[in-house]
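Worksheet: one structure, shown below.
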Amino acid sequence: MSKKLIITVARQYGSGGREIGEKVAAALNIPIYDRELITDAASKGDLHVDVIQKADEVAANSLLYTLAVGSNVFGSATSFGYKMPINDKLFILQSDVIREYAAKGSCVIIGRCADYVLRDEPNLLRVFIHGDIDHRRERVLARHPDIKPAAAIDIISKTDKRRSSYYNFYTGNKWGKYDNYDLVLNSSTLGVDGAVEMIVGFAKKKIEE
């Protein structure tokens, strides 16, 4: 891509959002970042990766964070001191890493409030992928054939609630609300490849502006 474009992908669990992001990145020949955010944040904060994996995308609901909002929440994690709750520290470390990725050039970033962290990025395409519950259940069952359909629904519900709480808490916005994104796509209707086609087409038009 001749012009830098950052694509952020937020997604409901089981909607195929990660697969869509991977295919978009491949089609545009740009890197994709997902789990790397955890390991890089751990390295940046000198934290054990197993510890922060448990805190990944979980809102701390801490008084410290509440007091920090409106002043310097996106500043250096070390500015708050080592006693900061691990969830808050991880969020700020990941935000730093996300901005570092974006500074390098075009890329796709999965989840972790990247659309909000990079809200001032001039060339940003914010995508939200959702899907019908039956379609999402089938995707989850295909990936985890050892679980029962009722359990799949429970996993979907709890994961979506966790992602929503995390996003709403750390951004002050509403996860999945259409006007927080440039594209909101139903993967149940479009299919994975149809969603990829739409995002790639939109991305190419955006870099031509």
Side-chain angles (χ1 to χ4, degrees), residues 1-37 57 94-95 97-99 101-144 152-153 155-157 159-164 166-168 170-171 173-209:
M1 297 176 68
S2 57
K3 184 178 179 182
K4 186 172 86 167
L5 179 65
I6 311 300
I7 302 173
T8 62
V9 180
R11 74 285 184 219
Q12 289 183 327
Y13 188 70
S15 66
R18 181 182 288 110
E19 182 183 356
I20 289 167
E22 290 171 347
K23 289 190 172 185
V24 167
L28 296 174
N29 194 29
I30 59 177
I32 180 170
Y33 301 110
D34 183 8
R35 293 296 180 186
E36 297 88 346
L37 285 164
E57 291 193 355
Q94 284 188 340
S95 297
V97 171
I98 286 169
R99 285 192 292 269
Y101 289 156
K104 292 178 181 179
S106 298
C107 62
V108 175
I109 303 177
I110 304 294
R112 296 173 182 84
C113 306
D115 58 289
Y116 183 79
V117 173
L118 298 175
R119 62 194 182 280
D120 295 324
E121 178 72 33
N123 297 308
L124 181 67
L125 174 55
R126 304 163 299 168
V127 179
F128 187 86
I129 306 294
H130 66 104
D132 302 338
I133 190 64
D134 290 340
H135 172 83
R136 293 160 61 200
R137 180 190 61 199
E138 293 308 311
R139 282 187 62 90
V140 171
L141 290 172
R143 189 168 24 174
H144 304 285
I153 294 294
I155 291 170
I156 289 169
S157 176
T159 304
D160 281 352
K161 285 179 181 178
R162 175 171 56 81
R163 289 177 178 174
S164 177
Y166 178 86
Y167 185 90
N168 298 350
Y170 282 112
T171 72
N173 292 333
K174 187 172 178 59
W175 184 73
K177 191 170 184 288
Y178 71 92
D179 53 359
N180 287 330
Y181 309 94
D182 302 299
L183 282 176
V184 178
L185 303 177
N186 187 334
S187 61
S188 301
T189 302
L190 293 169
V192 167
D193 291 337
V196 170
E197 184 178 351
M198 288 199 68
I199 296 169
V200 170
F202 198 98
K204 289 180 176 179
K205 280 187 172 293
K206 192 168 180 64
I207 62 176
E208 290 172 359
E209 292 177 355

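Along the sequence shown, the residues carry numbers beginning at 1.
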Which value, rounded to the nearest 0.5 Å, describes the distance between [X] atom [atom1] and [Y] atom [atom2]?
X	Y	atom1	atom2	result
I129	I199	CD1	CD1	4.5 Å
H135	T189	NE2	OG1	9.0 Å
R136	S15	CZ	OG	6.5 Å

Does the side chain of [Y] come within less than 4.5 Å of [X]'s, by heavy atoms?
X	Y	answer
C107	I6	yes
F128	Q12	yes
N173	R119	no
N180	Y167	yes
I20	V24	yes
D134	R137	yes
R18	R35	yes
N123	I207	no

Test side-chain contact (heavy atoms from CB on, under 4.5 Å) applied to I32 and I7, I110, V9, I109, the passing residue: I110
Residue that, paired with R112, satisfies side-chain contact (heavy atoms from CB on, under 4.5 Å) out of V97, V117, D34, T8: D34
Chi angles and distances behind the salt bridge (charged side-chain N to carboxylate O under 4.0 Å, His left out) call for R143, E19: CA-CA 12 Å; R143 189 168 24 174; E19 182 183 356; over 6 Å; no
Derivation of the side chain to side chain contact (heavy atoms under 4.5 Å, CB included) call for L118 and Y101: CA-CA 11 Å; L118 298 175; Y101 289 156; over 6 Å; no
Check: [X] side chain, [Y] main-chain N or O, donor-acceptor pair, under 3.5 Å:
X	Y	answer
N186	S188	yes
D160	Y13	yes
K204	L28	no

Shortest non-hydrogen contact between [X] and [Y], atoms and distance:
X	Y	answer
D193	K23	OD1-NZ, 3.0 Å
L185	A195	CD1-O, 3.9 Å
D115	Y181	OD2-CE2, 4.1 Å
S187	G131	OG-CA, 4.3 Å
A10	W175	CB-NE1, 4.4 Å
S106	L5	OG-N, 2.9 Å

Axial cation check for Y166 ring with R163, 6.0 Å and 45° limits: no
E138 atom CD, over 12 foreign heavy atoms within 6.0 Å: yes
